[in-house]
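Every value quoted in this text rests on a predicted model; they were computed, and no experiment measured them. Protein chains get the first letters and strands the later ones, always in sequence-line order, with residue 1 at the start of each. These numbers come from the heavy atoms of this one structure, side chains and all, not from hydrogens, waters or symmetry mates.
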Number of protein chains: 2
Amino acid sequence: MTTMTERTTTPADRPALGLRERKKIKTREAIRTATYGLIGEQGYDATTIEQIAERAEVSPSTVFRYFPTKEDIVLTDEYDPLIMEELRSRPADEPWPDSLRYVMHRATQLGADEDPEVSRLRTRLMVEVPAVRSRMMQSMSSTGRMLCQAIAERTGRDPEGLEVRVYAMSLIGGLMETSLYWAENGHREDFQALLDRTLDVLQHGLGTEKN
Amino acid sequence: MTTMTERTTTPADRPALGLRERKKIKTREAIRTATYGLIGEQGYDATTIEQIAERAEVSPSTVFRYFPTKEDIVLTDEYDPLIMEELRSRPADEPWPDSLRYVMHRATQLGADEDPEVSRLRTRLMVEVPAVRSRMMQSMSSTGRMLCQAIAERTGRDPEGLEVRVYAMSLIGGLMETSLYWAENGHREDFQALLDRTLDVLQHGLGTEKN
DNA sequence: CCATGAAATGAGAGTAGCTGTCAAAAGAGG
DNA sequence: CCTCTTTTGACAGCTACTCTCATTTCATGG
């Protein structure tokens, strides 16, 4: 227990990570960068783990140690915890739809902060490579669990109850489709705008607007 | 062109399929039966294509000719077209939520008609085997497309529009979660009842009911 | 009934993702 | 500098899946 904050001989606010940790992070990024590069050059299927290992200057074994599957190399997904935290820090009396909208906006801002190229490549792969989409959907399940938890906290319901679970998954399904839509249309439209339209549909169903 | 209704020397209304077609159907079922049996005995992962081929008395090559992936052997999914047809045949002036509810009820009846053992094995595998769940979710996408089409026909919207697509996928996500919920709880509760609760949530959101 | 053409099958080799083991190398701590 | 632990690399192995090609099986027309 008690991660860090213990024996930080370096008084600076720097990470204070050991050489080992730093190397691990570097290896992780080397693998990801190599993967993005190779996929960009030759496509997803044509890119083998061996090639990735070679370009990242590690052994194939190491690649598997860092990422359980090839799809996981491109699907980072480190946002969920951030989103959860953001959600929890919203005022308790704020209407739920408002909280949701606010947090989703924040999340897309975070997404835009990182290299937009990467974020687009990722969504493009979601559309084009079935395996990646599958993996993505799978990760949706765990995201759904967290959402259930958050909703349960806010509404005092059972996080394992059917209603909460159904609601969470329908939400995620809708949001997922928004990403696909965005990617399928060549990332032309403004994602935030799409998001707003999506949330409208999820709140009010298919209303009477034109299209 | 012109399938059958040509030279049906057998005046009976029987299928009038050639020996070849009949054999194909038999092979298909042999493979599925073998798969269900083996998985029931030893589990999904422990069951290899070779074993399936052996029990079905065909070659491994043939298994792959009939089913592109191992997961596809257990995921039949021949209901989509039926559901679509049922949906189309509803009176045009029926409110959309009512149509949806009616059709979903019909679908579960169809599902119960076939061997309930098989249907339960399938949902159980969805919960337990990630690969199967992934494949299932993937098939959801195509189901979603059909739903979009149906919704578009009913409401005069663009089937490719964001709103319709989001609505369809959120629906499918919710329904999917219902199946998972049902399987996770040992198929104890009445599926139709769960379905009704699900549709309530999808229509009205998380209302004010207790739980 | 047989010959011809087409379709289905089987056998085999090959690819790649992924798992496991084990010994060597590199960092951490005394 | 020595020891312990973690990380890595090399290797073997399994299995899903693909591709090719020869063989068998059904359909058809004479």
Side-chain angles (χ1 to χ4, degrees), chain A residues 4 6-10 15-31 34-35 38-39 42-75 125 129-132 134-135 138, chain B residues 2-4 6-10 15-31 34-35 38-39 42-75 125 129-132 134-135 138:
Chain A
M4 42 204 83
E6 191 173 50
R7 240 173 156 277
T8 56
T9 10
T10 58
L17 293 172
L19 177 55
R20 237 168 205 165
E21 317 282 322
R22 271 176 289 156
K23 260 201 154 176
K24 266 167 92 168
I25 294 177
K26 265 178 66 178
T27 308
R28 218 182 151 76
E29 295 217 356
I31 294 174
T35 306
L38 285 166
I39 289 181
Q42 355 167 318
Y44 182 84
D45 287 327
T47 301
T48 73
I49 299 284
E50 249 181 285
Q51 294 174 332
I52 294 171
E54 194 180 351
R55 181 172 295 198
E57 299 187 84
V58 294
S59 79
S61 322
T62 302
V63 176
F64 285 116
R65 260 195 269 283
Y66 279 80
F67 300 94
T69 73
K70 188 175 158 188
E71 298 95 58
D72 281 298
I73 306 180
V74 326
L75 294 175
L125 289 176
V129 183
V132 173
S134 285
R135 196 74 188 74
Q138 211 168 327
Chain B
T2 76
T3 54
M4 47 205 81
E6 193 172 47
R7 244 177 153 274
T8 55
T9 9
T10 57
L17 292 173
L19 176 54
R20 233 164 206 169
E21 315 284 319
R22 270 177 289 157
K23 261 201 155 178
K24 266 167 92 168
I25 294 176
K26 265 177 68 178
T27 308
R28 218 182 152 76
E29 294 217 356
I31 294 174
T35 306
L38 284 166
I39 289 181
Q42 356 167 316
Y44 183 84
D45 288 326
T47 301
T48 73
I49 300 284
E50 246 179 291
Q51 294 172 334
I52 293 171
E54 193 179 353
R55 182 171 295 198
E57 298 186 87
V58 294
S59 80
S61 320
T62 302
V63 175
F64 285 116
R65 265 198 209 69
Y66 278 80
F67 299 94
T69 73
K70 188 175 158 187
E71 298 95 56
D72 282 299
I73 307 179
V74 325
L75 294 175
L125 289 176
V129 184
V132 173
S134 285
R135 196 74 188 74
Q138 212 168 325

What one should report as the nearest heavy-atom pair of A:D72 and A:F67 is O-CD2, 3.7 Å
Task: Within 6.0 angstrom of B:Q42 CD, more than 12 heavy atoms from elsewhere - done: yes
Note: chain A reaches DNA chain D at heavy-atom distances under 4.0 Å over the stretch, first to last nt, 5' to 3', of D:dT5 to D:dC11
One should read off an interatomic distance between A:K24 NZ and A:R65 CZ, to the nearest 0.5 angstrom, of 11.0 Å
*Please lay out, stage by stage, how B:I73 and B:V63 fare under the test side-chain contact (heavy atoms from CB on, under 4.5 Å).*
CA-CA 9 Å; B:I73 307 179; B:V63 175; 4.1 Å; yes
The helix from C:dC1-D:dG30 to C:dG30-D:dC1: angle between terminal helix axes, five bp per end, to the nearest 10 degrees, reads 10°
Smallest heavy-atom separation, B:V74 atom then B:V132 atom, equals CG2-CG1, 4.2 Å
Residues in residues 19-29 of chain B with a heavy atom under 4.0 Å of DNA chain D, by number, are B:L19, B:R20, B:K23
(message) So A:F67, base contact, sugar-phosphate only, or nothing? Heavy-atom distance under 4.0 Å.
(response) nothing
Taking every heavy atom of A:R28 against every heavy atom of A:Y66, the minimum-distance pair comes out as NH1-O, 3.4 Å
Of all heavy-atom pairs linking B:A53 and B:P60, the shortest is CB-N, 3.6 Å
Quick note, side chain to side chain donor-acceptor pair (under 3.5 Å) partners involving residues 48-57 of chain B, not counting sequence neighbours, are B:E41-B:R55
- prompt: Between B:Q138 and A:P130, is any pair of side-chain heavy atoms under 4.5 Å apart?
  reply: yes
If only atom types and distance count, is the side chain of B:K70 paired as donor or acceptor with the main-chain N or O of B:F64 below 3.5 Å? no
One should read off an interatomic distance between A:I39 CD1 and A:T47 OG1, to the nearest 0.5 angstrom, of 5.5 Å
Ordered by number, residues from residues 42-53 of chain A within less than 4.0 Å of DNA chain C (heavy atoms) are A:T47, A:T48, A:I49
Heavy atoms of B:Y44 and B:E71 approach each other most closely as OH-CG, 3.2 Å
Can you check nucleotides 11-13 of chain C for protein contacts, nitrogen or oxygen pairs under 3.5 Å, and list what you find?
unit_1 : atom_1 : unit_2 : atom_2 : d
C:dA11 : N7     : B:S61  : OG     : 3.1

Measure from the side-chain N and O atoms of B:T62 to the backbone N and O of B:V58, and report whether any donor-acceptor pair falls under 3.5 Å. no
Nearest-nucleotide check on DNA chain D, B:T69 vs A:V58; residue mapping nearer the 5' end is A:V58
